[in-house]
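Here's the structure, in structure tokens; my notes come after.
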Amino acid sequence: MEKKTCGISDRSICSLYWNRSGNSTAVKKINKSLKSYYTSDLKLKEELFRQFADYKKTGFLDANTENLFVKTKCTENYNKNGYIRFVYSFSWHGCGSAESNQTTLIYRLKDGKKVTKVPISSADAKALNLIKGTWYTPEADEYPQKVTVSGKTIRYYFSDSSEPAWSGEIDEITQTNYGYYFKIDFGYNCYLGYQLRLTDQNTLVSVGKGDPYSSEGLDKNSSLSRQK
């Protein structure tokens with residue numbers, strides 16, 4: 001009979017030292033902040049190795065296959081209009097316990113200050129003005145929704161409910177040859193997005209791949225209309 005043992009890994013992939021030329025105060029401040037998020041997870045990494053050592057000592061690992069891991073990842077997904085945004089994710093799996101979380105970090109490039117949101121630029125404000133107000137899912141939809149857009153906040157309501165079922169933030173607006181694309185990034189390579197074609201400003205076409213020109217994620221049932 002094949003002997004099974006426990007595997008343990010430590011993957012640390014982080015834009016910890018942000019790759020930008022120069023040694024300005026702002027760059028150092030941003031890197032220091034990113035590093036603080038990364039190093040705060042070291043306690044759980046130490047706990048993971050302690051659990052591994054304990055299980056190995058008791059002989060439990062000789063009879064069971066366990067996948068113990070700790071992963072950190074920090075990626076840059078926005079860098080324009082004087083702001084930069086990172087998505088920091090952390091996950092770990094120990095012997096009988098697990099944890100995962102994701103944090104969005106936004107910094108102002110001129111001084112490295114951390115902010116909660118990327119301010120709306122004049123160009124983005126122009127685009128958002130075209131879609132503000134109330135939208136609806138198709139009448140034939142099994143679970144019809146009302147959707148409201150105010151600034152970068154988009155809220156989804158079921159039926160005639162006065163409380164939103166969920167809400168999100170429009171992360172990025174791209175001007176295209178057909179009009180605009182509005183992207184909502186949920187992390188973990190998961191997106192929701194809408195195309196606004198200037199030839200039909202009463203329809204928001206749902207394309208969920210995060211690509212302004214993609215047709216792969218086209219979902220007509222999730223597209224929105226000004227008409228109820």
Side-chain angles (χ1 to χ4, degrees), residues 75-89 100-108 113-228:
T75 57
E76 173 192 322
N77 68 354
Y78 183 94
N79 188 353
K80 61 182 182 179
N81 300 325
Y83 291 83
I84 188 166
R85 183 177 62 212
F86 298 92
V87 175
Y88 176 87
S89 60
S100 64
N101 59 62
Q102 179 171 287
T103 304
T104 299
L105 306 167
I106 305 171
Y107 301 92
R108 190 166 60 193
K113 181 181 179 181
K114 189 168 70 172
V115 298
T116 56
K117 292 183 179 181
V118 176
I120 299 175
S121 67
S122 57
D124 285 353
K126 179 181 177 181
L128 289 167
N129 188 56
L130 295 174
I131 64 168
K132 71 177 182 180
T134 305
W135 298 81
Y136 301 93
T137 54
E139 191 173 325
D141 191 356
E142 185 178 359
Y143 302 103
Q145 292 183 331
K146 178 180 73 174
V147 180
T148 64
V149 180
S150 177
K152 286 189 174 183
T153 302
I154 184 166
R155 297 182 176 89
Y156 296 78
Y157 301 80
F158 284 117
S159 210
D160 295 326
S161 174
S162 60
E163 293 295 326
W166 66 279
S167 63
E169 291 290 319
I170 296 171
D171 297 290
E172 193 166 350
I173 302 168
T174 304
Q175 188 168 8
T176 66
N177 57 12
Y178 58 76
Y180 295 95
Y181 182 74
F182 303 87
K183 183 175 76 172
I184 301 171
D185 186 351
F186 294 107
Y188 305 103
N189 202 31
C190 180
Y191 305 96
L192 176 64
Y194 295 102
Q195 295 177 350
L196 176 71
R197 302 179 182 277
L198 296 182
T199 55
D200 179 11
Q201 296 185 37
N202 290 315
T203 303
L204 283 174
V205 181
S206 177
V207 181
K209 289 295 181 179
D211 181 347
Y213 295 100
S214 171
S215 59
E216 184 180 352
L218 180 65
D219 184 356
K220 292 183 179 179
N221 289 330
S222 297
S223 295
L224 306 177
S225 172
R226 288 289 190 186
Q227 304 300 318
K228 187 172 183 180

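No experiment lies behind these values; they were computed from the predicted model shown. Numbering of residues begins at 1 and proceeds along the displayed sequence.
At distances below 3.5 Å, not a single donor-acceptor pair connects side-chain atoms of Ser225 with backbone N or O atoms of Tyr136. A donor-acceptor distance shorter than 3.5 angstrom exists from the side chain of Tyr181 to the backbone of Val207, with no hydrogens or angles considered. Side chain of Ser121 to backbone of Asp124: a donor-acceptor contact under 3.5 angstrom is found. Side-chain atoms of Gln195 come within 3.5 Å of backbone N or O of Pro212 as a donor-acceptor pair.
Residues Pro119 and Lys152 come closest through the heavy atom pair O-NZ, 4.3 Å. Nearest heavy atoms, Phe158 versus Gln145: CE2-NE2, 3.0 Å. In terms of heavy atoms, Leu196 sits closest to Thr203 at CD1-O, 3.6 Å. Closest approach of Pro164 and Tyr157 over heavy atoms only: N-CE2, 3.3 Å.
Taking CD1 of Ile120 as the reference point, atom CG of Leu128 lies at 5.5 Å (rounded to 0.5 Å). Between the CD1 atom in Ile106 and the NZ atom in Lys117 there is a gap of 9.0 Å [rounded to 0.5 Å]. Interatomic distance, Lys113 NZ to Arg108 CZ, rounded to the nearest 0.5 Å: 5.0 Å. Atoms OG1 and OH, from Thr176 and Tyr213 in turn, are 4.5 Å apart once rounded to the nearest 0.5 Å. Within the model, atoms OH of Tyr194 and OG of Ser223 stand 8.0 Å from one another, a figure rounded to the nearest 0.5 Å. The CD1 atom of Ile184 sits 4.5 Å away from the CG atom of Leu192 when rounded to the nearest 0.5 Å.
Ring geometry, Trp166 versus Tyr156: the interplanar angle falls under 30°, so the pair is classed parallel (tilted spans 30 to 60°).
For the residue pair Lys132 / Asn129, a side-chain donor-acceptor distance below 3.5 Å is found, with atom types taken as modelled.
At least one side-chain heavy atom of Thr137 sits under 4.5 Å from a side-chain heavy atom of Leu224. Taking 4.5 Å as the limit, every side-chain heavy atom of Val205 sits out of range of all side-chain heavy atoms of Asp200. Side-chain contact between Lys183 and Thr174: absent, with no pair of heavy atoms (C-beta onward) separated by less than 4.5 Å.
Cation-pi geometry between Arg226 and Trp135 is met: under 6.0 angstrom from the ring centre, within 45 degrees of the axis.
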Evaluate the criterion side chain to side chain contact (heavy atoms under 4.5 Å, CB included) for residue pair Arg85 and Leu105; output intermediate values, then yes/no.
CA-CA 6 Å; Arg85 183 177 62 212; Leu105 306 167; over 6 Å; no
Side chain to side chain contact (heavy atoms under 4.5 Å, CB included), that's the test. Do Thr104 and Asp171 meet it? Break it down for me.
CA-CA 11 Å; Thr104 299; Asp171 297 290; over 6 Å; no
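The neighbour count for Lys126 NZ, taken as heavy atoms of other residues, nucleotides or ligands under 6.0 Å away, does not exceed 12.
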